[in-house]
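Everything below concerns the one structure shown next.
The structure displayed is predicted, hence computed values, not measured ones.
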Amino acid sequence: MLTSILSTPITITEILICLGSGLIAGILMALVFSFHGRRSPSFAVTLAVLPMTMCMVVMVINGNLGVAVAVAGGFALVRFRSIPGTGREISAIFIEMTLGVILGMGYIWVAAIFFVITAAVVLILTALKFGENTHEKLLKITIPEDYDYEGLFDDIFQKYGVKAEIEKIKTTNMGSLIDVTYRITMTSTVISKSMLDDLRTRNANLSVMITNTDYAKETL
């Protein structure tokens, strides 16, 4: 049951079984990683076809050193066309490639066991919001250029029990405005309207924006 289904030479039937299994595993894994997460359609399609692609690559290489070097060069070129992703996206790609390698070697049942265990772990940890800090936010406040941003909002943060640390400072609008980005930790996940009102009063009613810490990160 846990042995490879591939023979020497490989038959068309065996190729179709491995590729079909790779496509099914890719689609299911794409659905798993889309659970409670924001995914672009292009990345979902990539996850769906990646195991099948890797499966075909492994079967074609099959101990051929020349083909292996050519494939490695092709993957190196793809690297320059990609953008940085989150840890979750990188792990999704690595898991999908692992599935493709296992299927490319003909271990259908091994791939099935690996898929079930991995999918269960990902779904459980996602449902439990493992590793997430829902109390941490990014606060971006725009102030006039003649304001001293150091300690400007400390009393407001203290009033609402917010721990704040300056993350980034940037001038905008030809230097007439300053964007100050804070990394804040709140005692509650609910953003108080009165706190926003106090901040707007202090910064001359300019822009105030609160986002999740991963909002601005690039995704695949």
Taking every non-hydrogen atom, the tightest pair across [X] and [Y]:
X    : Y    : result
L103 : A111 : CD2-CB, 3.5 Å
E96  : A25  : OE2-O, 4.3 Å
E14  : P9   : OE1-O, 4.4 Å
T118 : F114 : OG1-O, 2.7 Å
A30  : A48  : CB-N, 4.3 Å
P51  : L99  : CB-CB, 4.4 Å

Can you check whether [X] reaches [Y] side chain to side chain, under 4.5 Å on heavy atoms?
X    : Y    : value
L47  : M29  : no
I93  : L50  : yes
V180 : I143 : yes
M186 : K137 : yes
T171 : L177 : no
K140 : V208 : no

> With I141, which of I210, I178, L206, N203 fulfils side-chain contact (heavy atoms from CB on, under 4.5 Å)?
Replying inline: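 Going through I210, I178, L206, N203 one by one, the side-chain contact (heavy atoms from CB on, under 4.5 Å) with I141 is satisfied by N203 alone.
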
Rounded at 0.5 Å granularity, tell me how far [atom1] in [X] sits from [atom2] in [Y].
X    : Y    : atom1 : atom2 : result
S194 : I156 : OG    : CD1   : 10.5 Å
M52  : I27  : CE    : CD1   : 8.5 Å
L199 : Y160 : CG    : OH    : 8.0 Å
Y182 : I166 : OH    : CD1   : 4.5 Å
I15  : C55  : CD1   : SG    : 9.0 Å

>> How about CG on L16, more than 12 heavy atoms from neighbouring residues, nucleotides or ligands closer than 6.0 Å, or not?
In response: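 Yes, because the 6.0 Å sphere around CG of L16 holds more than 12 heavy atoms from other groups.
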
> Can you list the steps and then say if T181 with L139 is a side chain to side chain contact (heavy atoms under 4.5 Å, CB included)?
Replying inline: CA-CA 6 Å; T181 302; L139 171 62; over 6 Å; no

Would you kindly confirm whether [X] and [Y] end up in one hydrophobic cluster when ILVMFWY residues are joined by side chain heavy atoms under 4.5 Å apart?
X    : Y    : result
V45  : V32  : no
V60  : I12  : no
I95  : W109 : yes
I117 : F35  : yes
I113 : L123 : yes

>> Before we go on, tell me: are the rings of F33 and F43 under 6.0 Å apart, centre to centre?
In response: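 Ring centres of F43 and F33 not closer than 6.0 Å.
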
> Sub-3.5 Å donor-acceptor pair from the side chain of S4 to the main-chain atoms of M105, do we have one?
Replying inline: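 Answer holds: yes.
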
>> Suppose the criterion is side-chain hydrogen bond (donor to acceptor under 3.5 Å, both in side chains): which pairs have a residue in residues 145-157, not counting sequence neighbours?
In response: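 For residues 145-157, and leaving out neighbouring residues, the side-chain hydrogen bond (donor to acceptor under 3.5 Å, both in side chains) pairs sorted by first residue read D155-R202.
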
> Can you name the residues that form a salt bridge (charged side-chain N to carboxylate O under 4.0 Å, His left out) with D197, not counting sequence neighbours?
Replying inline: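 In terms of salt bridge (charged side-chain N to carboxylate O under 4.0 Å, His left out), with neighbours along the sequence ignored, D197 is linked to K193, R200.
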
> Which pairs count as salt bridge (charged side-chain N to carboxylate O under 4.0 Å, His left out) when at least one residue sits in residues 158-174, sequence neighbours excluded?
Replying inline: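 For residues 158-174, and leaving out neighbouring residues, the salt bridge (charged side-chain N to carboxylate O under 4.0 Å, His left out) pairs sorted by first residue read K159-D198, E167-R183.
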
